[in-house]
Amino acid sequence: MSTVSTFGAFTTARLGIYSSSKWLDVIGNNISNINTPGYTRQSVDQISLYMGGADKYRTAWDMRVGNGGMVTRVTQLRDPYMDIRYRSEISSVGAMDAKLNGLKQIANILDEVAAGEDEDGNLGVLELQFNDLISQVQRLVDEGAGDDTFDTNVRTSAASICTLFNSYASRLTELYDNMEQGLSNDVKRVNEILVQIRELSDSIHKSNIYGGDALEQKDERNLLIDELAEYVRIDVKYELEDLGPGQQVEKLVISLSGNDLNDSSTNQMVLVDGNYCAQLAIDHPVRATDGDGNELFFMADGKTLTPDPDKGERAAYMNSEGLATDNVYLARREYNEGYGVVLSTLRDRWNRTQDVDAEVQDKVMEEHEAADPTDPAELKKAQDAAKAAAEKLQADAPTDIIDGKAYKFEYTAEAMKDGDGRVVGYQVVRTASFKTQELTDNALYGAIQSRRELLTEQGEYCTLEQLAVDKNANTKRGIPYYQKALDTLANQFAATLNQANQYSRTLDIQKVSADQDIYVNDVFQLKNAAGNVQEEYKLDYLVIDGAYYFDAVAGCTTLNQTGDQMSTAWAAVDKSDPIAVENFKKQIEGLKISADGKLTKLQKEHLLPTEGVGMDHGIHLNVPTDKVCLASNVLFSNHGSKDSTGVPYDPDDPTTADNPPITAASISISKSWSEGSVRIIQSTDPDHPSTDNSNLRHILHLLQVNEFEFRPMGSDLESGEDYHDPADRPATSSVTYKGTFQKMFTDNICGHLASDFDSTDTMLNNYMTAADELYVDRDAVMGVDLNDETMNMMQVQKSLTAAYRLMTVIDDMLDRLINNTGRVGL
Amino acid sequence: MSVFSFRTTTNGVLRNYRSNLSKSYSRLNTCMTRIQTQRKFNSYAEDPSAASRGFQIRRALWRANDQLTNTNNTISKFQTGFSAVGTICDGDVDHPGLNGIAASLSIVHDPMGGSRVSLGQELNSEADGVVQMMNATYNDNFVFAGADGKNVPFTWKLDAAGNKMGLLYRGIDVDTPDPKLLEGCTAKYDEQMGKLMGPETLPTGFEPSEVREYSENTYPDGLKRLELITRRMDGDTLVETRRLIRCNDPDDPTDQTEESNLTTKTRIEEHNTGDDNRKEWVKTVQEFDASAGAEELLSTTKTTVQTRQEPELDTAGQPTGNTVVTRNSSTAVEKFENGVSLGTETTTDDPVKTTVTGAENIFEETFGMSLEQAEKDYATLQKYLGETTYTDIGLGLREDENGTVPTSAYDTALHGLKFIGYGMDEDGDPKNVVTLMRKLAAVCSRCDPETGTFAKENNDEEVANRLVNKLRAAIGRVSEAHVELSARSTYLISNVKLLGVTEANLDERRADLEDIDPALAITEMNQASTCYNAALKIGTNILSESLLDYMK
């Protein structure tokens, strides 16, 4: 029989009271934290105390019982799998929410459904103004031909359209700026979260070392991780870190989970690694002014550029050579529009970088032993081989992403020594240091990426380069898409009406007498709206074998390099020598007029205008017909104070640098139209009768019926070529939409927006529903439930009462044993 | 973990509740917005397809409204024109109108002729009135000016003394004759026939190619004879057969005797002389007799004609526009008997010089205007008459490479000339009702003021009779044009009705697409409201009960 401890039962009762009391504490903590965000319900780990072990007095008849229950630790009830699922879903919610928010703001500008309703029940703003313009043109056609009053009405309506285009462009730019600020704020918040997670991890780490659980800090960290997941989709892992013999503590590793999970170069970039965290930054130029008030560029890589106004440079964009340009289409995306998000190196709270992993650092890549270490020539040979190998490795630019960390490698040739310290050869050693990494479109998913896409995505206007990075780039539409679509519409609208407001003039080669062999003349007149000859060119033709060639024309230096009259050169050609004749014809092939008398693009560009007055008036052809677009006869301009046709920007032609295409932001009615010196021409025939309305009908047809092919400015996805004006595009280039002006706006631009909005809204609802369900599911594990806690409380109350009762019983028993036992005879 | 799957926590319930309450309130808000705005959707994204169609219908409605305005405007213009032409036809208090004039024209035929002079004055006055009415304006535009509404269409051509010499339409004489009017009728020298031909020029070839002529005649001997002539082409040779059959017994149609059966074969060859101004023709006529059954050659006549053309020169040595043709001809006749030649007899005519009047000169003599001027002015008039001012009245405005497709728009241009006529006829009389009246007025004014007798020297009586008939016809054409204009106005009025129906249909479609059904919308809102209220009610219960409430 075992020994009996007189007060052992007291210990059992006391342990029962202690454990129940501790449990009650935990229940109290749970209940009081029921409304604490992120709180994970806690539970006690209780064991049954058993005082066993070897006992020299133990006998076979001995009977041992346990010594009561004991609380060993307090734990959290949390399901990591639910965390992963919830965070994955909340990333989608964040992504869709940010996108929907952005689209809503774009829709506030562009959505004309139920907007602008007048007392007659008409709806729309730009749409309505287009209708008004058409009505005014209808009046002009029907009863106003030759009447300036009606022209003024059309002009007023057209000016309103320009103002609306300007307003939409301006509001989109304003939205863009706000969105830009929003992205900066998001990045700032993400950085704050990353730092806080790092701080908490550090604290938890220390607590773990000293045996603490740091449950509340973990809750706080989990809450931050949840928030982080809204901004960027992440993978969260808990690894064990060795602290020394037999001691391991938990280490948190958070890495990015990008769009393309198969792309190792953009996926799994590490954000938090234990006590280290990275930071995000936006790599784009910041506009600033120097001391003199001049605008400066500040590049992310430290470059500074000051635009030169004398060269027509404005502080706006930068081209592929790093030079300032005011043309958005030439600007390098990564320098300004792309919002390249950069991930910094991992640093701890004292701003120290993490040590490079030993497996990565100082890795011997190759060894070149000398055949005879005692021979200096052999050593030199081995050294040269090692150097060459190092240079090759350096040049090959090996992958610099290892385990989600970006490295900068350096390869050097170092001496190998034997045990005696003698050099026996050379080896190529890789040293590594961390570097920043640009996060491409595929590397991010979540609110940050959605906001970035709203700032960068161009839909059908994307470049081949963008499409190569993101195969869905041509279906993603952010603010730039809507800006460019509006630009295309405004440009086409202006170019079409400008071209329609020209008197027709084709080269009349029929009246030329071919039997005169060489010289024939034609007077080329350009007339203004009043029908007066504004400019006149006398063109000479050279006729060889029935084919017509332009003879020398002033200013025609490209076609005719010498500037001499070709007829002079032709006179010197030996006509009896067929080879000489053929050679001459080849030489002047560019001057040949096609059979239908239409000018080639090259001829148009270089024959019209000639130097002087023509150039001043900016005569260019911005539509693919043989009609000449006379700047002084245009209705729309890229600036209200001048008559510009919005000449196609040509990087090779410096004279076009200050004359960018007409865009939604710049469209205005031309100076001459606003002053009334230019009117809408009734007929393309300068000698038309007074109320001829043929051209007015044409304009009405263009506005009301004609279906245009809208081709994007920028890179063409089919040909890969850059076009800076829709008119430059060949007929084979990609067409974003075919329809009337109004349909382009409502059905295409607004339609895309609506479809995008609709699908995003649906997706957000789905994701939110799923996230809600997952939250509830997760909360089913980690959340505090009052009924649950009450039940526990009742249970604990009973066990506590029982322990008290046990103590009372033992007390009674001992009392009887001590005070009332052996009192016989007392 | 399955133990937790049925565990529902207080906060989980609350989150669900909040989420659902928010959705319920959002739904209620959407329903309320629909009722407030009376629209099924209030943003493009709510129903992209319907929104797109809505814009399309609204656009069509807007267009229909424009087209209605255009149609009404055109109707007004046409009504102005109709009224002006009506006044021209029916007159007003100051003018008898063309119909009144037509009724008065019988005065010309009055043998007494006392009123002819006053008729002439009335005709002149009416002509002035017609011109005034044809210069009517609507909305600051001249109604009958075609596409040149800003400029007065009809003006008088005045001489130096200010006398009215003719009527101009946009600067062109309305009496400009069609330059092709005398085409084929100008005098010319027919080399084959060897004579100057008049307007009824015979064809140069043989025609028709196959002719049968049949005639019955009673001859002086009292017997009836049948004559049958057939002509047909055999290659380039005209074969003509003449059969003469005598009817011996009038009561017996079978008692007939063939009296002759002669055939001639004529062939004309044109020989190239190598000189464009010289030509040579050889005409060969062979005569056969088939009376006896077999065809027997009787004679061959070969006529050779040579012509030389030279321009006629006046005394100053300048071409007059006429041509002098010198003709040399000779004839060789060879006779046969029983197939044997009896010899050839050749005769040579003296050269004949003929002057051929040039077409231009004939034109100018007939119309008093050079052909060149007529060609230019007539082309201009045709160009004016071809001008259009189409307007969109809902016919589906379209364009092709030639401009507006005519069937897709309505031409509102009214050309005054199409109402009052233009050009000249073959007699050199105007077709224009105004100038016709003035020409007749001139004839009448030349009558003896006392007796009304026509002037003798100009053959005035015949001219007057001719002009009266032509004026009546011209007045008839004005009336027809008036009626036609009325018909066009009627079409436009029915188009107004059609557009009204189109508008109503479009508005109905728009309403179907965009406007709420009030009953449905209110029901939906009530339902949403009930749901929301129920959700609120549930909210008061969520936190009210727990196990704690039952603890003592």
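Below, read A as the first sequence line, B as the second, and so on, with proteins coming before strands; counting in each chain starts at 1.
When N706(A), T790(A), D758(A) are compared by the number of non-hydrogen pairs under 4.5 Å with chain B, T790(A) comes out ahead. Chain B forms more heavy-atom pairs under 4.5 Å with one residue of S755(A), G783(A), A145(A), G124(A) than with any other, namely G783(A). Interface check for chain A: of the options A409(B), G403(B), S49(B), S52(B), the most heavy-atom pairs under 4.5 Å are formed by S52(B). Ranked by heavy-atom pairs under 4.5 Å with chain B, the first of V141(A), V705(A), D756(A) is V705(A). Chain A forms the most heavy-atom pairs under 4.5 Å with one residue out of R58(B), E514(B), E46(B), R170(B), and that residue is R58(B).
With sequence neighbours left out, the side chain to side chain contact (heavy atoms under 4.5 Å, CB included) criterion links A136(B) to A84(B). Listed by chain and number, the residues in a side chain to side chain contact (heavy atoms under 4.5 Å, CB included) with S32(A) are N29(A) (sequence neighbours excluded).
Taking the charged nitrogens against the carboxylate oxygens, K383(B) and E387(B) have no contact shorter than 4.0 Å, which rules out a salt bridge.
Checking side-chain atoms of Q129(A) against main-chain N and O of S157(A) turns up a donor-acceptor pair under 3.5 Å.
If you measure heavy-atom distances from K23(B) to chain A, the contacts under 4.5 Å come from the side chain alone. If you measure heavy-atom distances from E399(B) to chain A, the contacts under 4.5 Å come from both the backbone and the side chain.
Side chains of Q76(A) and Y39(A): a donor-acceptor N/O pair is absent below 3.5 angstrom, by distance only.
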